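Bear in mind the structure is a predicted one, so any value in this text is a computation, not a measurement.
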Amino acid sequence: MAHVYADTPFAPLGIAVLTVSDTRGFDRDGSGDLLSERLSEAGHALVERRIVPDDIYRIRAVVSKWVVREDIQVILVNGGTGFTTRDTTPEALTPLFDRSVDGYGELFRQLSFESIGTSTVQSRAVGGVANRTLIFAMPGSPKACATAWDGILESQLDARTRPCNFVAMVMPEQQACGSRALPKVPVHGQGARV
């Protein structure tokens with residue numbers, strides 16, 4: 001279980017929010033609003049927020065521009081993760097990943113199962129790293145965004161979370177994960193007490 005260490009300083013991250021929708025504007029973007037509010041309440045900076053249609057190339061174009069910016073360490077994408085023909089967010093993002101964060105999608109579906117049951121298998125939430133920028137995609141409903149932020153992202157984007165968090169990956173000057181920074185514990189036969 002993760003723990004928050006008060007003696008480790010909080011490190012605010014620059015976060016961009018992208019809503020993928022053919023129908024929503026900023027006046028009806030409850031998911032983008034929720035993510036923007038939650039990240040700001042946590043102490044991070046909302047660097048940019050956009051809405052793009054469900055189009056693989058438009059999604060990829062925005063995210064590609066963001067991953068080369070030094071002021072953006074995290075990109076949160078909501079919408080387009082289902083199975084309709086217009087849901088192309090995973091296809092837009094995964095070619096950009098240098099590495100996938102497989103556990104993100106797995107954990108999202110596990111948490112989502114508690115509220116929506118087996119319908120969670122229709123979520124293609126994905127995460128990855130591109131050019132030292134974290135990218136997390138989630139379904140476009142406010143409830144799904146709350147599940148992703150509250151259940152996973154808030155703690156993983158907090159440098160105080162131990163034994164591990166993602167902050168040191170995107171901000172190298174931060175302390176590495178606690179499990180890597182702790183002294184070795186002797187094993188039996190090498191000075192350990194039995």
Side-chain angles (χ1 to χ4, degrees), residues 1-18 31 34-47 63 66-78 81 89-90 93-115 120 123-139 143-188 190-192:
M1 175 151 230
H3 303 281
V4 174
Y5 282 65
D7 60 341
T8 303
F10 180 79
L13 300 172
I15 302 179
V17 174
L18 179 64
S31 297
L34 182 139
L35 290 169
S36 298
E37 289 167 11
R38 292 267 170 63
L39 72 88
S40 295
E41 289 168 1
H44 301 294
L46 176 63
V47 177
V63 173
W66 283 350
V67 298
V68 297
R69 288 180 50 176
E70 291 186 20
D71 60 338
I72 296 175
Q73 289 84 43
V74 181
I75 300 169
L76 304 178
V77 183
N78 72 87
T81 61
T89 297
L93 299 178
T94 54
L96 300 176
F97 295 166
D98 299 321
R99 285 193 169 161
S100 293
V101 181
D102 297 327
Y104 166 74
E106 295 163 357
L107 183 54
F108 176 84
R109 284 180 284 279
Q110 178 185 344
L111 294 173
S112 181
F113 179 78
E114 296 170 11
S115 61
T120 193
S123 164
R124 297 185 305 140
V126 296
V129 182
N131 194 34
R132 294 186 71 93
T133 303
L134 292 161
I135 303 167
F136 296 104
M138 62 207 76
K143 187 173 183 178
C145 292
T147 297
W149 181 264
D150 298 342
I152 306 167
L153 299 174
E154 183 176 19
S155 62
Q156 281 299 295
L157 300 178
D158 189 333
R160 301 169 296 182
T161 300
R162 294 289 185 257
C164 275
N165 62 72
F166 281 115
V167 178
M169 182 189 317
V170 296
M171 298 180 77
E173 65 277 5
Q174 293 296 314
Q175 181 181 348
C177 288
S179 60
R180 294 181 203 133
L182 296 174
K184 287 187 176 182
V185 176
V187 293
H188 184 70
Q190 297 179 344

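Of the inter-residue distances, the one linking Leu13 atom CG with Asp71 atom CG reads 12.0 Å to the nearest 0.5 angstrom. Between Ile135 atom CD1 and Leu76 atom CG the span is 10.5 Å, to the nearest 0.5 Å. Going from atom CG of Asn165 over to atom CD of Glu154 covers 13.0 Å, rounded to the nearest 0.5 Å. One distance of note links CG of Leu46 with OG of Ser40; it measures 5.5 Å at 0.5 Å rounding.
Closest of all the heavy-atom pairs between Asn78 and Ser31 is OD1-CB, 3.4 Å. The two residues Ala16 and Ile72 come nearest to each other via the heavy atoms CB-CD1, 3.9 Å. Taking both residues in full, the closest heavy atoms of Phe108 and Pro139 are given as CZ-CD, 3.5 Å, listed atom of the first, atom of the second, then distance. The two atoms that bring Ala146 and Leu34 nearest to each other are N-CD2, 3.7 Å, heavy atoms only. The shortest non-hydrogen separation linking Pro90 to Thr81 is CD-CA, 4.2 Å. Smallest separation of non-hydrogen atoms from Leu93 and Ala137: CD1-CB, 3.7 Å.
Annotation: side chain of Val47 is in contact with side chain of Arg69 (closest heavy-atom distance under 4.5 Å). Contact check for Leu39 versus Val17: side-chain heavy atoms found under the 4.5 Å cut-off. By the 4.5 Å heavy-atom criterion applied to side chains, Leu134 and Leu157 are counted as neighbours.
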Run the side chain to side chain contact (heavy atoms under 4.5 Å, CB included) test on Arg162 and Thr8 for me, step by step, so that the C-alpha distance in whole Å, both residues' side-chain angles and the decisive distance to 0.1 Å come before the verdict.
CA-CA 10 Å; Arg162 294 289 185 257; Thr8 303; 4.0 Å; yes
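The aromatic rings of His44 and Trp149 sit perpendicular, their planes meeting at an angle over 60°, well past the 30° parallel limit.
A side chain to side chain donor-acceptor pair (under 3.5 Å) check over residues 102-114, counting only residues at least two apart or in different chains, returns the pairs Ser112-Thr120. Applying the salt bridge (Lys or Arg N to Asp or Glu O under 4.0 Å) definition to pairs two or more places apart or across chains, those involving residues 123-134 are Glu91-Arg124.
Under a cut-off of 6.0 angstrom, the local environment of CD in Glu41 is crowded, with over 12 non-hydrogen atoms contributed by other residues, nucleotides or ligands.
The closest donor-acceptor contact from the side chain of Asn131 to the backbone of Thr133 lies at 3.5 Å or more, if one exists at all. A donor-acceptor pair under 3.5 Å is formed between the side chain of Thr161 and the backbone N or O of Ser155.
Of the listed residues (Ile152, Leu35, Thr147, Val77), just one forms a side chain to side chain contact (heavy atoms under 4.5 Å, CB included) with Met138, and that residue is Leu35. Screening Val101, Val74, Asp158 against Phe166 for a side chain to side chain contact (heavy atoms under 4.5 Å, CB included) leaves a single residue, Val101.
Under the salt bridge (charged side-chain N to carboxylate O under 4.0 Å, His left out) criterion, Asp98 pairs with no residue, sequence neighbours left out.
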